[in-house]
Amino acid sequence: MTSVLKRIYYFLVHTNLLIALAAVAQCALTYYILQFPVNNDILIIEGATTLLLYNLSLYLSLPKDPSKSPFQRTRWIGKNMWLFWLLSGLSVLVTVWALLHVHILTLFFLGFIGAMSLAYAVPLVKINDRWVGMRQIPGLKVFYIALVWSLSSVGLPVVELFANGEQIDWYAANYLGLVKIVFLVLCTLPFDIRDFEQDSLYNLKTVPILLGKQRAINLSYGIGVFHLILILLSPNTWGVKIGLLITTILILIMFRIIIFSKEKHYHHVYLLDLALVLQWFFVWLLILVSNNLIG
């Protein structure tokens with residue numbers, strides 16, 4: 001059973017399906033927290049476009065001969081490029097279908113997010129006579145990713161709701177966007193800590209390289225505590241708060257016993273992508289339980 005779960009986990013990581021599922025879960029979470037019915041078209045767009053963008057970023061970083069890469073994931077993708085293109089093609093088709101069912105204001109907002117996402121991986125910014133992507137600007141990478149994720153998983157549902165005349169609690173929506181940024185930094189920074197040596201070779205000035213690996217680890221714990229405080233101060237119901245608190249505490253425990261342990265494994269950090277899904281599950285479960293108790 002453990003071997004089967006491990007193979008499923010690796011498959012979801014290698015195909016970027018885990019991160020796409022995490023995007024869908026985070027988007028659905030916004031509807032639950034703001035107390036609106038889930039819009040399936042928005043979830044489809046969020047998941048499919050996330051898969052496409054991560055596939056694009058992965059494709060641009062592939063070496064000429066993936067089979068000689070020291071990384072298991074790169075070698076796996078090199079052997080299964082047919083699946084890579086199949087999933088990308090299906091994502092394009094379902095995205096186009098879902099886009100036909102959303103408001104034109106949402107389309108413009110998606111275009112804005114798409115441009116920001118492309119700017120992360122594609123060299124569209126000129127610095128010191130050299131064209132670079134936003135990920136290459138010193139210290140910006142992790143915060144830029146968190147901002148884009150917050151705009152897509154919180155901003156996208158809110159824009160579609162607003163465009164369709166729904167009454168938005170703007171304080172709750174903006175507070176959720178802020179909390180989401182902090183949460184995404186919490187879940188993204190360990191990836192840069194893991195890739196410390198690799199990013200040094202590519203001359204990427206990530207937060208761990210600028211601060212040092214140990215200080216970046218300490219910062220991760222600090223961000224986790226800050227996120228717990230933000231949750232407690234949030235305008236959310238206690239069912240939502242408890243679900244969010246459980247996830248963040250679980251992440252801090254994973255930091256201690258798995259992510260930042262002495263026995264590191266390249267794929268361990270992807271458990272943080274799984275945590276994005278678990279956060280949705282815990283909130284959904286606590287809302288369901290609280291509603292049943294009240295009912």
Joining Ile, Leu, Val, Met, Phe, Trp and Tyr whenever any side-chain heavy atoms lie under 4.5 Å apart, the cluster holding L52 also takes in V92, V96
Got a sec: does the CZ of F162 have more than 12 other heavy atoms crowding it under 6.0 Å?
no
Residues A173 and I168: closest non-hydrogen pair is CB-CG2, 4.1 Å
One should read off an interatomic distance between L99 CG and D41 CG, to the nearest 0.5 angstrom, of 9.0 Å
So the salt bridge (Lys or Arg N to Asp or Glu O under 4.0 Å) pairs with at least one residue in residues 46-65 (sequence neighbours excluded) are D65-K68
> Quick one: does F183's side chain get under 4.5 Å of I251's, heavy atoms only?
Replying inline: yes
Do L233 and Y171 share a hydrophobic cluster (ILVMFWY, side-chain heavy atoms under 4.5 Å, transitive)? yes
With a 4.5 Å heavy-atom cut-off, do D169 and Q35 have their side chains touching?
-> no
Heavy-atom closest pair (A20 atom, L51 atom, distance to 0.1 Å) is CB-CB, 4.0 Å
Parallel under 30°, tilted from 30 to 60°, perpendicular over 60°: which one fits the rings of W76 and H14? tilted
Tightest non-hydrogen contact, residues P208 and A216, listed as CA-CB, 3.7 Å
Correct closest heavy-atom pair for H101 and W97 would be ND1-O, 2.8 Å
More than 12 heavy atoms from other groups under 6.0 Å of CD on E166: yes
For L43 and V24 the tightest heavy-atom approach is O-CG2, 3.6 Å
Which donor-acceptor pairs under 3.5 Å do the side chains of residues 102-111 make with protein atoms, sequence neighbours left out?
residue	atom	partner	partner atom	Å
H103	ND1	L105	N	3.0
T106	OG1	E160	OE1	2.3

Separation between OG1 (T49) and CD1 (I44), nearest 0.5 Å, reads 11.5 Å
Separation between CD (Q72) and CD1 (I77), nearest 0.5 Å, reads 10.5 Å
Give every donor-acceptor pair under 3.5 Å between a side-chain atom in residues 143-151 and any protein atom, sequence neighbours left out.
residue	atom	partner	partner atom	Å
Y144	OH	M116	O	2.7
W149	NE1	Y54	OH	3.1
S150	OG	G177	O	2.9

Exercise answer: donor-acceptor pairs, residues 272-289 side-chain atoms, under 3.5 Å, sequence neighbours excluded:
residue	atom	partner	partner atom	Å
Q279	OE1	Q26	NE2	2.9

message = Counting neighbours of CH2 on W82 that are heavy atoms of other residues, nucleotides or ligands and sit closer than 6.0 Å, is the number greater than 12?
response = no
Distance-only, no hydrogens or angles: does the S88 side chain make a donor-acceptor pair with backbone N or O of W85 under 3.5 Å? no
For W238, does the six-membered ring have the charged nitrogen or CZ of K241 within the cation-pi criterion, i.e. under 6.0 angstrom from the centroid and within 45° of the normal? yes
Check: Y9 side chain, L271 main-chain N or O, donor-acceptor pair, under 3.5 Å | yes
| Common cluster, L56/L93, ILVMFWY with side-chain heavy-atom separation under 4.5 Å | no
Residues passing the side chain to side chain donor-acceptor pair (under 3.5 Å) test with T237, sequence neighbours excluded, are none
Hey, is OH on Y221 packed in by over 12 heavy atoms from elsewhere, all under 6.0 Å? yes
Does the T74 side chain pair with the main chain of P66, one donor and one acceptor, at a distance under 3.5 Å?
no
_Please tell me whether L18 and L250 are part of a single hydrophobic cluster in this structure, the criterion being side-chain heavy atoms less than 4.5 Å apart._
yes
Closest non-hydrogen contact found for V94 with S91 is CG2-O, 3.3 Å
